[in-house]
2 protein chains.
Amino acid sequence: MTTNASRVLAHPSRDEIRVEGVLHALADPIRLRIVLQLAAAADEQACSHFDLPVSKSTTTHHFRVLRENGVITQFYRGTAKLSCVRTEDLDALFPGLLDSVLRGADLQARRLGGADASSVALSGTAAGRVEQP
Amino acid sequence: MTTNASRVLAHPSRDEIRVEGVLHALADPIRLRIVLQLAAAADEQACSHFDLPVSKSTTTHHFRVLRENGVITQFYRGTAKLSCVRTEDLDALFPGLLDSVLRGADLQARRLGGADASSVALSGTAAGRVEQP
DNA sequence: TCCATTGTACGAGAGTCGTCGTAGTTTTAT
DNA sequence: ATAAAACTACGACGACTCTCGTACAATGGA
């Protein structure tokens, strides 16, 4: 089986998403980094594709915070757990919020770290590719 | 004297403001409410003009968090301490972020509470007047 | 001068958060 | 059947957050 019914993840419905929750979820450097990379990658990515400076359990924790606050969707495919940003829901509820946060984080990364960036910026392949024409 | 040198408050410079810090400051319902009211009021307001469901010391705490994260400026005038949003700095650093957060909070308040709103919405005079043409 | 107003400092308590390691589950591949 | 890969659950720890009350400081007016 590709998607097992016993492994369904709980997500808040669109109506249950709160702006405080979204802001809280995005207020952590590691989570912001995750969302930045997720948004840059267009399609879904597995948790294991992220090179984060924390342990595996902590990574799980951060992904759960993002999911429970309505920032990302997650589903299983095989042993992997794929994630993507809930762009449509967030844009409908809080127009422009996600974009300005991502853009602000990107501007800050450029401003602070230059090329390789620092705390919030991406480390891997898709580094810093947000709204860059 | 109107402004006493012994009562100067420390503010982060524009360069020291971090997007994570701003998001964290705005992620609390009470602080979001403060900023919403402050933004609606155009000019500065004293802390005592806010009718918050917490004690005086807690109010002091929340205003300090907002100031230390670069969201508001504060200065003394007589016994009062006036605050206003650092709109210019925030817009320069993170274009559109403040506006979309305030607008999102306002939309949420309408959506959830109807007229009088609930957790985040304003209680007093300037209730819900954000970007409403 | 004395007092009312406004806000601060400090300490404390309850709760949440970010982090970890270890042990376990689910799936896929051999 | 066995092993490897990917992720989770649980308990723990320290740090931070939100809250409060009490005691204190600065200002402005009677």
Side-chain angles (χ1 to χ4, degrees), chain A residues 1-11 18 20-35 44-69 71-84 119-120, chain B residues 1-11 18 20-34 38 44-69 71-84 119-120:
Chain A
M1 238 183 285
T2 306
T3 35
N4 188 338
S6 71
R7 292 223 286 169
V8 200
L9 293 158
H11 290 78
R18 297 287 172 271
E20 312 92 291
V22 172
L23 293 175
H24 168 248
L26 297 175
D28 181 277
I30 294 199
R31 291 195 290 260
L32 189 48
R33 185 164 146 175
I34 291 173
V35 175
E44 66 268 3
Q45 291 201 323
C47 296
S48 53
H49 290 175
F50 292 80
D51 188 26
L52 302 172
V54 289
S55 75
K56 259 198 310 181
S57 359
T58 305
T59 300
T60 300
H61 161 72
H62 284 306
F63 273 94
R64 181 169 46 212
V65 172
L66 287 171
R67 189 186 70 242
E68 289 178 345
N69 284 289
V71 180
I72 65 174
T73 315
Q74 297 189 286
F75 55 95
Y76 288 98
R77 185 147 69 202
T79 65
K81 188 193 209 171
L82 303 183
S83 307
C84 46
S119 50
V120 147
Chain B
M1 240 185 285
T2 306
T3 35
N4 188 337
S6 70
R7 293 223 286 170
V8 198
L9 294 159
H11 291 77
R18 297 288 172 268
E20 312 93 290
V22 172
L23 293 174
H24 167 247
L26 296 176
D28 181 277
I30 294 198
R31 291 195 290 261
L32 189 47
R33 185 162 144 175
I34 291 173
L38 229 34
E44 66 268 1
Q45 290 201 323
C47 297
S48 53
H49 290 175
F50 292 80
D51 189 25
L52 302 171
V54 289
S55 75
K56 257 198 314 179
S57 0
T58 305
T59 300
T60 299
H61 161 72
H62 284 305
F63 273 94
R64 182 170 46 214
V65 171
L66 286 171
R67 189 186 71 243
E68 288 178 346
N69 284 289
V71 180
I72 64 173
T73 315
Q74 297 189 287
F75 55 95
Y76 288 98
R77 186 145 69 202
T79 65
K81 188 192 210 173
L82 304 183
S83 306
C84 45
S119 51
V120 146

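Per chain, numbering begins at 1; letters A, B, ... match sequence-line order.
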Sequence-aligned protein contact record of nucleotides 15-24 of chain C, with B where the base is within under 4.0 Å of a protein heavy atom and S where only the sugar-phosphate is: --SSBBBB--
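Distance CZ (B/F63) to C1' (D/dT19): 16 Å, rounded to an integer number of Å. Spacing between atom CD of B/E44 and atom P of C/dT6 amounts to 16 Å, rounded to whole angstrom units. Whole-Å rounding puts the B/R7 CZ to C/dT6 P distance at 13 Å. Summarising the geometry, the separation between NZ on B/K81 and P on D/dG28 is reported as 16 Å, rounded to the nearest angstrom. A/L9 places its CG atom 18 Å from the P atom of D/dA6, with the value rounded to the nearest Å. Following rounding to the nearest Å, B/R77 (CZ) and D/dG28 (P) show an atom-to-atom distance of 11 Å. Atom CZ in A/F50 sits about 14 Å away from atom C1' in D/dC7, given to the nearest Å. One can place CG of A/L82 at 12 Å from P of D/dA6, the figure rounded to the nearest angstrom.
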For nucleotides 3-5 of chain C, give me every protein contact, N/O to N/O, under 3.5 Å, one pair per line with atom names.
none

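Residues satisfying the side chain to side chain donor-acceptor pair (under 3.5 Å) test with A/T60, not counting sequence neighbours, are none. Evaluation of the side-chain contact (heavy atoms from CB on, under 4.5 Å) rule for B/S55 yields B/S57, B/T58 as partners, not counting sequence neighbours. In terms of the side chain to side chain donor-acceptor pair (under 3.5 Å) criterion, residue partners of A/H62 (sequence neighbours excluded) are, by chain and number, A/R31. Residues forming a side chain to side chain donor-acceptor pair (under 3.5 Å) with A/Q74 (at least two apart in sequence, or on another chain): A/R67, A/S83.
A/F75 is not listed as a side-chain neighbour of A/R7, based on a closest heavy-atom distance of 4.5 Å or more.
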